[in-house]
Amino acid sequence: MTADAVNKPLLETVLGRRQERLPIWIMRQAGRYLPEYREVRARAGTFLDLCYTPELAAEVTLQPLRRFDLDAAILFSDILVIPDALGQSVRFEAGEGPILEPVTVETIPGLDPSRALEKLSPVIETVRRVRTSLASDKTLIGFCGSPWTVATYMIGGRGSPDQAAARLFALRQPAAFARLIDILVEASIAYLGAQFRAGADVVQLFESWALNLDEVAFRDWVIEPNRRIVEGLRQAIPDAPVIGFPRGAAGNLPAYAARTGVNLLGLDYATPLAFAGNLPPGIGVQGNLDPLRLLAGGEQMEVRTRAIVAAFRDRPHIFNLGHGILPETPIAHVERLIEVARGAL
Ligand code: CP3
């Protein structure tokens, strides 16, 4: 083991080497459940202003590590900065979530991935600043949304329970849809490469809407674009460590794990613990506590946390939730969760 290996337990685990310390981070760990986040958020202006102001974005990235015994910081940004940087209109309405001016067959060819990176330079500056302030044993996680998930927002204009607008568009307008995916693959490779060069140790691909797809759609719209991003990224950054999180992939998960090239797999909370037996041997996993168990707290949370840690004892495992932490989550529950997970190993 090298000196670096001792220094960053979470990075080492992504690279497939289990550590004595159980690495822990929490999806969406910087956010509204923290009063110090709400304070910065209130003086930032819009949500995108916060994402594009390196001083404030670096501050909120670091906030959870000041409070909790976590092993990683995740860059504070959003998956929808890429559509914004491509020239689509994106805004965030309080209580409503993101609202975009939907792309069409006519507007897709006008999206320009070559200009996107320039618009995202404040986010890259945030990575640089966080790197400078972060302790040497902490891993810095960069991220982007995976093309299918980002496309569901670009086409539908907002979140939806079944992504029907994007699924229909992909089926009716396959050429325009393929062009949109190509644009997102290209922009994502450039964006993630820049994050690595600025100091990210690992990146996560958020495929938050990998559900509701049949196996053909899953292969073409989820596996293939994620595989191309991993491949393209590693041409620029050899061996770049990547976590893939195809939320809701269910029975498609083994194919995703085998074919995308990701080092470690995020498991949503609906994935049974024993299902990991269907994954390629040795591939690491991250997850998978239901965020509602953390919100509710108490004995049920502790029992399930111990079961998760025990189930993944024989493979590289990063403890995490199975989806993002909810804004109503009490801070005391997060403290207790980390204590219980560490004690369970
Ligand atoms: O600690 C972190 O993880 C912070 C960085 C981060 C944010 N969004 C900040 C954010 C990350 C990694 C994301 C990812 C993201 N964004 C995903 C994938 C992860 C997932 O949960 O599935 C998705 C689908 C989005 C798109 C998005 N951004 C939605 C649907 C919303 C509105 C719903 C919500 O949670 O509020 C956002 C807004 C957003 N992104 C907030 C934060 C902290 C809340 C807005 C605010 O503070 O005003």
Side-chain angles (χ1 to χ4, degrees), residues 24-53 56-68 70 72-84 88 90-100 123 126-127 130 139-154 156-161 163 166 188 191-192 195 200 202-211 243-249 266-270 286-288 290-291 320-329 334:
I24 303 178
W25 71 286
I26 297 173
M27 275 195 275
R28 310 285 294 266
Q29 65 191 24
R32 286 161 295 183
Y33 75 107
L34 292 176
E36 59 270 35
Y37 170 82
R38 295 195 296 269
E39 191 273 312
V40 175
R41 174 76 186 81
R43 61 186 160 92
T46 70
F47 175 71
L48 281 177
D49 289 337
L50 176 54
C51 294
Y52 293 142
T53 307
L56 300 182
E59 164 61 20
V60 297
T61 300
L62 292 164
Q63 283 174 345
L65 284 92
R66 297 201 187 103
R67 247 185 209 278
F68 308 119
L70 297 164
I74 176 160
L75 164 66
F76 189 86
S77 178
D78 197 85
I79 66 166
L80 299 178
V81 295
I82 287 199
D84 183 58
Q88 189 175 12
V90 179
R91 58 201 172 82
F92 289 81
E93 293 284 321
E96 272 199 78
I99 299 175
L100 297 80
V123 182
T126 303
V127 176
V130 173
T139 300
L140 176 50
I141 303 174
F143 74 94
C144 73
S146 292
W148 164 251
T149 291
V150 175
T152 66
Y153 288 98
M154 293 180 79
R158 53 178 66 223
S160 71
Q163 301 79 53
S188 302
Y191 182 44
L192 294 177
Q195 292 182 30
V202 174
V203 294
Q204 173 155 318
L205 302 174
F206 280 96
E207 190 75 278
S208 300
W209 295 112
L211 52 168
I243 302 172
F245 176 50
R247 183 173 75 94
L267 303 180
D268 60 52
Y269 56 84
Q286 169 183 285
N288 72 334
D290 181 349
N320 201 326
L321 303 180
H323 197 199
I325 188 169
L326 297 158
E328 306 79 14
T329 306
V334 180

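Counting starts at 1 for both ligands and their atoms, following the listed order. No hydrogens, no waters, no symmetry mates; every other heavy atom, side chains included, goes into these values. Residues take their numbers from the sequence shown, with the count starting at 1.
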- request: Using a strict 4.0 Å threshold on nitrogen-to-oxygen distance, state whether Arg67 and Glu36 make a salt bridge.
  value: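 Result for this pair is yes, salt bridge flagged.
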message: Quick check on side-chain contact (heavy atoms from CB on, under 4.5 Å): which of Val202, Leu192, Ile243, Ile74 does Phe143 satisfy it with?
response: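 In the set Val202, Leu192, Ile243, Ile74, the residue that makes a side-chain contact (heavy atoms from CB on, under 4.5 Å) with Phe143 is Ile74.
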message: Students should find this: residues with any non-hydrogen atom under 4.0 Å from ligand 1. What is the answer?
response: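 Residue list for ligand 1: Arg28, Gln29, Ala30, Arg32, Tyr37, Arg41, Phe47, Ile74, Leu75, Phe76, Ser77, Asp78, Ile79, Phe92, Gly97, Pro98, Phe143, Tyr153, Phe206, Ser208, His323.
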query: Can you name the salt bridge (Lys or Arg N to Asp or Glu O under 4.0 Å) partners of Arg91, sequence neighbours left out?
result: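 Here the qualifying residues are Glu93.
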Residue list, salt bridge (Lys or Arg N to Asp or Glu O under 4.0 Å) with Glu96, at least two apart or on another chain: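 Testing Glu96 for salt bridge (Lys or Arg N to Asp or Glu O under 4.0 Å), a comparison that skips the adjacent residues, returns Arg158.
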task: Give a yes or no on whether the backbone of Val203 and the side-chain of Gln195 come within a donor-acceptor separation of less than 3.5 Å.
output: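 Between the backbone of Val203 and the side chain of Gln195 there is no qualifying donor-acceptor contact (under 3.5 Å).
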- request: Name all residues meeting the ring-ring contact (aromatic ring centres under 6.0 Å, His included) criterion together with Phe47; count only those two or more places apart in sequence or in a different chain, and write none if there are none.
  value: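 With neighbours one apart ignored, the set is Phe76, Phe92.
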